[in-house]
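Everything below concerns the one structure shown next.
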Amino acid sequence: MILISNSQSHGFAERLKSWLSWSWTYVCAVWFAMVLTMIYVLRSPLKLQESVTAASVFLNTLTPKFYVALTGTSSLISGLILIFEWWYFRKYGTSFIEQVSVSHLRPLLGGVENSSSAGLFTSASGEVEQRPSVSECKVWRNPLNLFRGAEYSRYTWVTGREPLTYYDMNLSAQDHQTFFTCDTQQLKPEDTVMQKAWRERNPQARIRAAYQALELNHECAAAYVLLAEEEATTIVEAERLFKQALKFGMHHIRPHPQSDMRDTNLLVYIKRRLAMCARKLGRIKEAVKMMRDLMKEFPLLGMLNIHENLLEALLELQAYADVQAVLAKYDDISLPKSATICYTSALLKARAVSDKFSPEAASRRGLSTAEMNAVEAIHRAVEFNPHVPKYLLEMKSLILPPEHILKRGDSEAVAYAFFHLQHWKRAEGALNLLHCTWEGTFRIIPYPLEKGHLFYPYPGCTETADRELLPSFHEVSVYPKKELPFFILFTAGLCSFTAMLAMLTHQFPDLMGIFVKAVNHALSLPSLTCLHSTLHKIPRYMHPDTSKHAILHEKECPNLFW
C-alpha cells in the first residue's frame, strides 16, 4: 500500500510538473507581448527616434519620469536576456549562463572539471586507465523490423500517416547497398539496376527497377527480395517471393570461405525473413528451428542480433527454460546489451515471484531473496532503457516500430514493447511488480548524466537521434526530462514584476503612489497589531506602575497604534 501510494503521489507530482512546464511556454509568450507593449507605450518618453542626441543635453533633461522609463528599459533588456536564456535551454537542455560559467569562467579561476574523469575507469589492479571511446548514439538495424508492403503500407492506407521517416528509410537504403551489392568491377547489368533501385526514394520507382532487373535476369534474388519487402501486401505473398528468391539464387549463393560476401549476406537475410514470416503466420516451432540453424551456420554474424528474434519466438512458445539458456549465452558482461536482453531477464525473474507478490505484504515482512533478485533485475533493465516501462504499463500509446533503433533510446523502447508487451501480460502479476518497483531505479542514480550504477552514464544525445527515427506525430520520450531551473523561473518573475511596475508608475504616478502607501500599510499592519496587543498584555504581568505608564503612553500617542 505504501508503494502504491508513493507511486500515485509521484505520478501527481509528475503531472503537476508537466502542467507547469506546458504553461510556462504560454507565460513566455505573454511576457514577450508585454515587452512589445511596453516598448510601444514608452516610445515617447524614451525618445527612441532621438537616441543619438548629445550626451550633455541628454543628462540635462533628466526628469523623475525618465528615471522610471530608464528602469523600464533595464527591465526590457533583462526580459530579452530571459527570452534568449529560455530559448537556449529549450534547444540545448542547459542554461547558457551556467554553461559559460562552467566551461569558460571556472577554468580561468582554477576550477577542475568533474567530467574530466568520465573517460577513465579503474582496472582490476586498481590503476586508472583510459576508457575506450564508444559511439554513444550509434544507430542499429531493428532485428524485428516489419515488412514495408504488408505492414507499414497497410498502416498508411488506414490512417493516412507515414510510420517511417525519410531518415530511417535512407539508413535502410544504405544498409541494402552495403549488404546486397558488390564491387563495381564485378557488377552485372541487373546488379547495376538494383544498386540504383535501393537508392530510389519513391516506392513505385523501386518496384519498377526490381522488375527491370528481373527482365535482365529472371533469377535475380535481390529483385525478389525488394518485391517481397515492398510490393507484397500480405505476409503470405511476401513469404512466397522470399522462397522464390531462395530457390532461384541458391546455385549462386554458396556459403563457403571463397564465396562473395554479398551472396552470404543475401542468403542470411532471406532465411531470416522467411523465419519471421513463419513466426507471423503462427508456425512458431518452424521459425525457431530456422533461427537456430541460421545461428549455427553463421556464428560470426552476431551483429545481426538473430538471437533477439529467437528470444521473442521462444517467449511466444512459453519455453522459458530455452529462453534462459539463450540469455545465459548472450547476457554476458563482454557482449553489448539491449532492451530485449535486459527486460527478458527481468521478466523471467519477475515471473517466478509475481503471481504471489503483494505490495502490502512486502511492506510488512520485507522482500524475499527471489523478490529482491526480481526487483534488482527490473532496476537493471530500467537503468539501461528507462523509456520501456511507460509502454509496458500502457502509460504511453504504442506506434509501429522504426526500421532502425537507438539503444537506450525511445526508438528501442517502442520496438521492444511492440513485440513483448503480450509476453509481460501473459506472466501473471509481472506488470504489477514492474509498476511498483520501476521508479525506484531513479533514486539509485541521482545524477544520470554524470554517473551510472550498473552501466555507463546515460547518453545525452538520444533525444535528437530519436526525433529523426520516430515519426512527427509520436511524442518522443525524454530522459532525463528537461526541467526549467529555478534561476530561469526566478529571473522571469523578477523581470516581469519590475517591468510592470515601471510601466504603471510612468503612466499613473499618483495612483501608484497611493497604491504603494496602501501596500506598505497593509504589510505593516500585522506587525503593529501584534505590537499593540503585546503592549496591552504587559500590564497584566508587570508592576502596576509600569501598566500606568503604558496606558498613559497609549493615550498620548494614539497614532503609534492606529
Side-chain angles (χ1 to χ4, degrees), residues 7 11 14 139-147 151-152 155 159 161 163-165 168 276 279-280 305 307-316 318 320 323 327 331 337-351 354 374 377-439 441-442 455 458 462-463 465-467 469-471 473-479 481:
S7 177
E14 288 295 328
V139 176
W140 299 75
R141 181 80 175 183
N142 183 8
L144 294 170
N145 65 302
L146 305 178
F147 294 86
E151 291 170 309
Y152 287 121
Y155 177 84
T159 64
R161 294 177 172 180
L164 297 177
T165 62
D168 191 14
M276 295 179 67
R279 162 68 183 91
K280 293 176 183 294
N305 297 323
H307 59 275
E308 296 192 9
N309 299 81
L310 179 61
L311 284 173
E312 196 279 327
L314 291 174
L315 286 173
E316 182 65 23
Q318 301 185 37
Y320 297 109
V323 173
L327 287 177
D331 192 6
K337 299 294 182 292
S338 65
T340 302
I341 293 293
C342 295
Y343 278 90
T344 303
S345 177
L347 174 60
L348 293 186
K349 294 182 180 180
R351 175 181 167 273
S354 59
I378 290 175
H379 286 179
R380 170 179 178 258
V382 174
E383 181 183 351
F384 181 82
N385 193 318
H387 310 286
V388 174
K390 288 189 176 181
Y391 294 106
L392 294 180
L393 298 174
E394 299 183 81
M395 299 168 65
K396 286 194 66 177
S397 58
L398 274 173
I399 61 171
L400 295 185
E403 293 184 338
H404 289 80
I405 59 174
L406 181 67
K407 287 192 175 183
R408 309 186 72 178
D410 190 35
S411 53
E412 184 190 33
V414 170
Y416 172 81
F418 185 86
F419 293 100
H420 289 262
L421 176 58
Q422 56 181 337
H423 306 317
W424 279 83
K425 288 184 175 181
R426 189 180 293 121
E428 183 181 357
L431 289 177
N432 180 40
L433 180 60
L434 176 67
H435 173 71
C436 295
T437 57
W438 73 279
E439 291 181 337
T441 308
F442 307 118
F455 299 99
Y458 188 82
T462 56
E463 179 184 359
D466 280 331
R467 292 191 186 278
L469 292 173
L470 296 171
F473 58 82
H474 174 71
E475 182 182 356
V476 177
S477 179
V478 179
Y479 172 79
K481 192 171 183 180

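What you see below is based on every heavy atom in this structure, not just the backbone, and it leaves out hydrogens, waters and symmetry mates. What you see is a predicted model; the values in this text were computed from it and never measured.
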For [X], check side-chain hydrogen bond (donor to acceptor under 3.5 Å, both in side chains) against everything at least two apart and list the hits.
X	value
R141	S172
W140	none
N309	R272
K280	E151

Return the minimal non-hydrogen interatomic distance between [X] and [Y], and the atom names on each side.
X	Y	result
H404	S411	O-CB, 4.4 Å
G409	N385	O-ND2, 3.1 Å
L347	A427	CD1-CB, 4.0 Å
P386	W438	O-CZ3, 4.3 Å
F384	A339	CE2-N, 3.5 Å

Just verifying a value: how many Å separate [X] [atom1] and [Y] [atom2], rounded to the nearest 0.5 Å?
X	Y	atom1	atom2	value
L315	Y320	CG	OH	6.5 Å
W424	N432	CH2	CG	11.5 Å
D410	I405	CG	CD1	11.5 Å
F442	H379	CZ	NE2	9.5 Å
K407	T340	NZ	OG1	9.0 Å
N305	L310	CG	CG	12.0 Å

Original post:
When D466 is tested against each of V478, V414, L406 for side chain to side chain contact (heavy atoms under 4.5 Å, CB included), which residue passes?
Top reply: L406
Sequence neighbours excluded, which residues qualify as side chain to side chain contact (heavy atoms under 4.5 Å, CB included) partners of [X]?
X	answer
Q422	R279, E312, E316, R426
R380	D331, K337, C342, S345, L454, F455
A417	Y391, L392, L398

Are any non-hydrogen side-chain atoms of [X] and [Y] less than 4.5 angstrom apart?
X	Y	value
I399	P471	yes
P389	V382	yes
L327	I341	yes

Subject >> Partners passing ring-ring contact (aromatic ring centres under 6.0 Å, His included) against H423 (at least two apart in sequence or in another chain) >> reply: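 Result, ring-ring contact (aromatic ring centres under 6.0 Å, His included) vs H423: H420.
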Original post:
Counting N and O atoms only, with roles assigned by atom type, does the side chain of T165 sit under 3.5 Å from a partner on the main chain of L470, one being a donor and the other an acceptor?
Top reply: no
Under the salt bridge (charged side-chain N to carboxylate O under 4.0 Å, His left out) test, residues paired with [X] that sit two or more places apart:
X	result
R351	none
E394	K425
E403	R148
R408	none

**OP:** Assess whether atom CD of E475 is packed by more than 12 heavy atoms of other residues, nucleotides or ligands within 6.0 Å.
**Re:** no
Original post:
For V323 and L311, what are the C-alpha separation, side-chain angles and deciding distance, and is it a side chain to side chain contact (heavy atoms under 4.5 Å, CB included)?
Top reply: CA-CA 6 Å; V323 173; L311 284 173; 3.8 Å; yes
Subject >> Parallel, tilted or perpendicular: rings of Y416 and Y343 (30°, 60°) >> reply: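 If you compare the ring of Y343 with that of Y416, the planes turn out tilted.
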Subject >> Candidate list E463, K390, H387, test side chain to side chain donor-acceptor pair (under 3.5 Å), partner S477, passing option >> reply: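 Result for side chain to side chain donor-acceptor pair (under 3.5 Å) with S477: H387.
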Original post:
Could you walk me through whether K396 and H474 pass the side chain to side chain contact (heavy atoms under 4.5 Å, CB included) check?
Top reply: CA-CA 10 Å; K396 286 194 66 177; H474 174 71; 4.2 Å; yes
